[in-house]
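Predicted, not measured: the structure shown is a model, and the values here were computed from it.
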Amino acid sequence: MASISLRGVQKSYGDGAPVIRNVDLEIGENEFCVFLGPSGCGKSTLLRMIAGLEDVSDGDLSIGGRIVNDVPSAQRGVAMVFQSYALFPHMTVFENMAFGLKLAKTPKDEIDRKVREAARVLQLEALLERRPKALSGGQRQRVAIGRAIVREPGVFLFDEPLSNLDATLRGQTRVEIARLHKQFAKASVVYVTHDQIEAMTLADKIVLLHAGKDTERYGSIAQTGAPLELYHRPHSRFVAGFIGSPRMNFLPGKVEAIDPHGVSVKLDHSGEIMRVGVDGAALAAGQAVTFGVRPEHLELADGSAVAAGSAPANVQDALLTRTVSLVEQLGEHSYVHLDEADGAVLIAKAPGDTRLKQGERVSFRAPAAVCHLFTEDGFAVASLESVEHYA
């Protein structure tokens with residue numbers, strides 16, 4: 001097992017601006033760390049730097065307490081699973097899984113033992129004599145994972161390993177990867193994905209990366225933390241909008257009043273007064289802000305369901321009244337699209353059997369404890385309540 005440390009790490013190509021900026025990150029032993037972010041934010045580049053497939057332009061990269069900036073990839077004690085599987089088409093499953101061990105001149109009996117044990121864990125025992133063309137996408141991915149497992153590395157690196165699979169296989173393989181991490185708990189895992197479900201369900205720690213101008217202003221990392229920490233306590237509007245699907249609703253407004261129990265915000269387009277359970281000590285009346293609330297935290301004002309984390313008794317929940325423009329019924333739940341005065345759409349999550357119809361006027365309650373507030377520069381105002389209040 002091995003920890004990973006990045007101190008002031010940057011990556012540039014030629015004389016161009018850095019594509020990875022000021023990365024300070026600690027990944028502990030046995031930790032499952034997911035790199036998440038929009039396309040072009042540098043997730044795979046950062047992973048490839050850890051693997052030794054990309055040079056570090058500046059800063060220090062350590063694995064297991066040893067600086068590896070100039071250490072060849074083969075000597076870093078890492079194993080990588082690629083998006084494209086990277087299997088040899090002329091070799092059998094057994095031969096593909098054994099390839100790295102043969103290069104390392106591992107004794108034949110040990111190769112046989114390790115390959116067959118990995119095949120048993122991955123449910124590939126019946127496929128060892130097949131070639132990749134005779135396998136499904138999910139089976140090929142399991143072979144690629146098996147090839148990494150047999151090397152018994154201190155660090156596993158996954159570069160979007162499920163992106164080539166269909167939705168059903170993606171779900172199945174995601175569960176297998178989670179199970180394997182628990183079974184091979186000695187190794188640390190770094191996993192790149194753009195899929196929030198993968199990140200939220202697999203990660204012990206999520207590293208959410210910026211893209212574009214935000215990278216230049218704040219560095220590559222937008223926020224690091226446990227999945228529910230990023231979900232409940234986003235540090236910025238970028239994080240709040242990226243984590244969660246559908247994304248958080250954002251409504252512009254101005255600070256109406258500040259008291260010890262939170263902040264009142266007057267929405268620009270509707271004039272409604274919303275309550276937010278945040279610390280308003282640094283705010284001023286009339287200041288422009290953005291009110292945020294997740295679709296799943298809105299509840300029908302006349303419904304019996306209680307949103308997670310209802311407001312304290314001394315804070316009255318506010319109502320958002322809108323016209324229904326569309327109802328997406330997905331079975332287990334529905335997404336209700338509500339018209340905004342500026343042409344934008346507010347989305348609320350409702351029960352799957354909701355009877356709301358297009359054109360209907362309806363009110364949703366927004367519990368103050370689960371609402372968010374962001375300043376003009378995009379940073380979140382700290383909440384008065386702890387994550388445990390509604391986690």
Minimum heavy-atom separation for [X] and [Y], please, with both atom names.
| X | Y | answer |
| --- | --- | --- |
| V263 | V278 | CG2-CG2, 3.8 Å |
| M274 | L319 | SD-O, 4.0 Å |
| R275 | A318 | N-CB, 3.9 Å |
| I177 | P161 | CD1-CG, 4.4 Å |
| L209 | G42 | CD1-C, 4.1 Å |
| V56 | V9 | CG1-CG1, 4.2 Å |

For the hydrophobic clusters of this structure (ILVMFWY residues joined by side-chain heavy atoms under 4.5 Å, transitively), does one cluster hold both [X] and [Y]?
| X | Y | answer |
| --- | --- | --- |
| L157 | V71 | yes |
| V207 | Y218 | no |
| V276 | F364 | yes |
| L103 | M97 | no |
| I67 | L25 | no |

Taking [X] for its side chain and [Y] for its backbone only, find out whether a donor-acceptor pair lies under 3.5 Å.
| X | Y | value |
| --- | --- | --- |
| N96 | L87 | no |
| S270 | L267 | no |
| S62 | G65 | no |
| D279 | L384 | no |
| K205 | E26 | yes |
| T106 | L101 | yes |
| N249 | I347 | yes |
| T92 | R130 | no |
| R365 | A301 | yes |
| S188 | A2 | yes |

Taking only Lys NZ, Arg NE, NH1 and NH2, and the carboxylate oxygens of Asp or Glu, determine whether [X] and [Y] approach each other closer than 4.0 Å.
| X | Y | answer |
| --- | --- | --- |
| E299 | K349 | no |
| R120 | E117 | yes |
| R322 | E272 | yes |
| D112 | R116 | yes |

Residue pair V143, L127: steps toward the side chain to side chain contact (heavy atoms under 4.5 Å, CB included) verdict = CA-CA 10 Å; V143 174; L127 307 175; over 6 Å; no
Where do K357 and V327 land on the side chain to side chain contact (heavy atoms under 4.5 Å, CB included) test, with the steps shown first?
-> CA-CA 7 Å; K357 301 294 182 184; V327 178; over 6 Å; no
Is it true that atom CG of L53 has more than 12 heavy atoms of other residues, nucleotides or ligands lying nearer than 6.0 Å?
->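 Correct, the count exceeds 12.
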Look at atom CD of E376 and say whether more than 12 heavy atoms of other residues, nucleotides or ligands are closer to it than 6.0 Å.
->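 For E376, atom CD is not crowded (no more than 12 foreign heavy atoms under 6.0 Å).
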Quick one: do Q75 and S73 satisfy side chain to side chain contact (heavy atoms under 4.5 Å, CB included)? Show the steps, please.
-> CA-CA 5 Å; Q75 298 175 23; S73 179; over 6 Å; no
Between [Y] and [X], is there a side-chain heavy-atom distance shorter than 4.5 Å?
| X | Y | value |
| --- | --- | --- |
| L373 | T290 | no |
| F35 | I50 | yes |
| V155 | I27 | no |
| L298 | V293 | yes |
| F250 | F291 | no |
| I4 | L61 | yes |
| L6 | L46 | yes |
| V381 | H372 | no |

Kindly determine whether T201 and R174 satisfy side-chain hydrogen bond (donor to acceptor under 3.5 Å, both in side chains), including the steps that lead there.
-> CA-CA 9 Å; T201 56; R174 184 178 74 240; 3.3 Å; yes
With ring centroids as reference points, do F374 and F379 lie under 6.0 angstrom apart?
->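 No.
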What distance do [X] atom [atom1] and [Y] atom [atom2] have between them, rounded to the nearest 0.5 Å?
| X | Y | atom1 | atom2 | answer |
| --- | --- | --- | --- | --- |
| M49 | D55 | CE | CG | 8.5 Å |
| Q329 | D353 | CD | CG | 8.5 Å |
| R21 | D58 | CZ | CG | 12.0 Å |
| E31 | S3 | CD | OG | 10.0 Å |
| R131 | M91 | CZ | CE | 10.0 Å |
| F32 | I206 | CZ | CD1 | 10.5 Å |

Give me the one residue out of I20, D214, V19 that meets side chain to side chain contact (heavy atoms under 4.5 Å, CB included) with S220.
->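 Of all the options given, the one that passes is I20.
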Hey, mind stepping through D339 and T323 against side-chain hydrogen bond (donor to acceptor under 3.5 Å, both in side chains) and telling me if it holds?
-> CA-CA 6 Å; D339 281 338; T323 301; 5.8 Å; no
Decide whether Y335 and E296 meet the rule of one side-chain donor and one side-chain acceptor closer than 3.5 Å.
->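 Short answer, no.
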Full working for side chain to side chain contact (heavy atoms under 4.5 Å, CB included) between K114 and E152 | CA-CA 9 Å; K114 288 184 174 182; E152 298 179 349; 3.7 Å; yes
Are R147 and F99 in a cation-pi setup, meaning NZ or CZ lies under 6.0 angstrom from the ring centre and within 45 degrees of the ring axis?
->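 Output no; distance or angle outside limits.
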Would you kindly check if the NZ (Lys) or CZ (Arg) of R294 is within the cone defined by 45 degrees around the ring axis of Y231 and under 6.0 Å from the six-membered ring centre?
->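 The answer is yes; both the distance and angle limits are met.
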Evaluate the criterion salt bridge (charged side-chain N to carboxylate O under 4.0 Å, His left out) for residue pair E256 and K266; output intermediate values, then yes/no.
-> CA-CA 6 Å; E256 180 78 0; K266 185 175 184 179; 5.2 Å; no
Check step by step if side-chain hydrogen bond (donor to acceptor under 3.5 Å, both in side chains) holds for E198 and T193.
-> CA-CA 7 Å; E198 289 178 33; T193 184; 3.0 Å; yes
So Q141 and T173, side-chain hydrogen bond (donor to acceptor under 3.5 Å, both in side chains) or not? Walk me through it.
-> CA-CA 8 Å; Q141 191 57 274; T173 310; over 6 Å; no
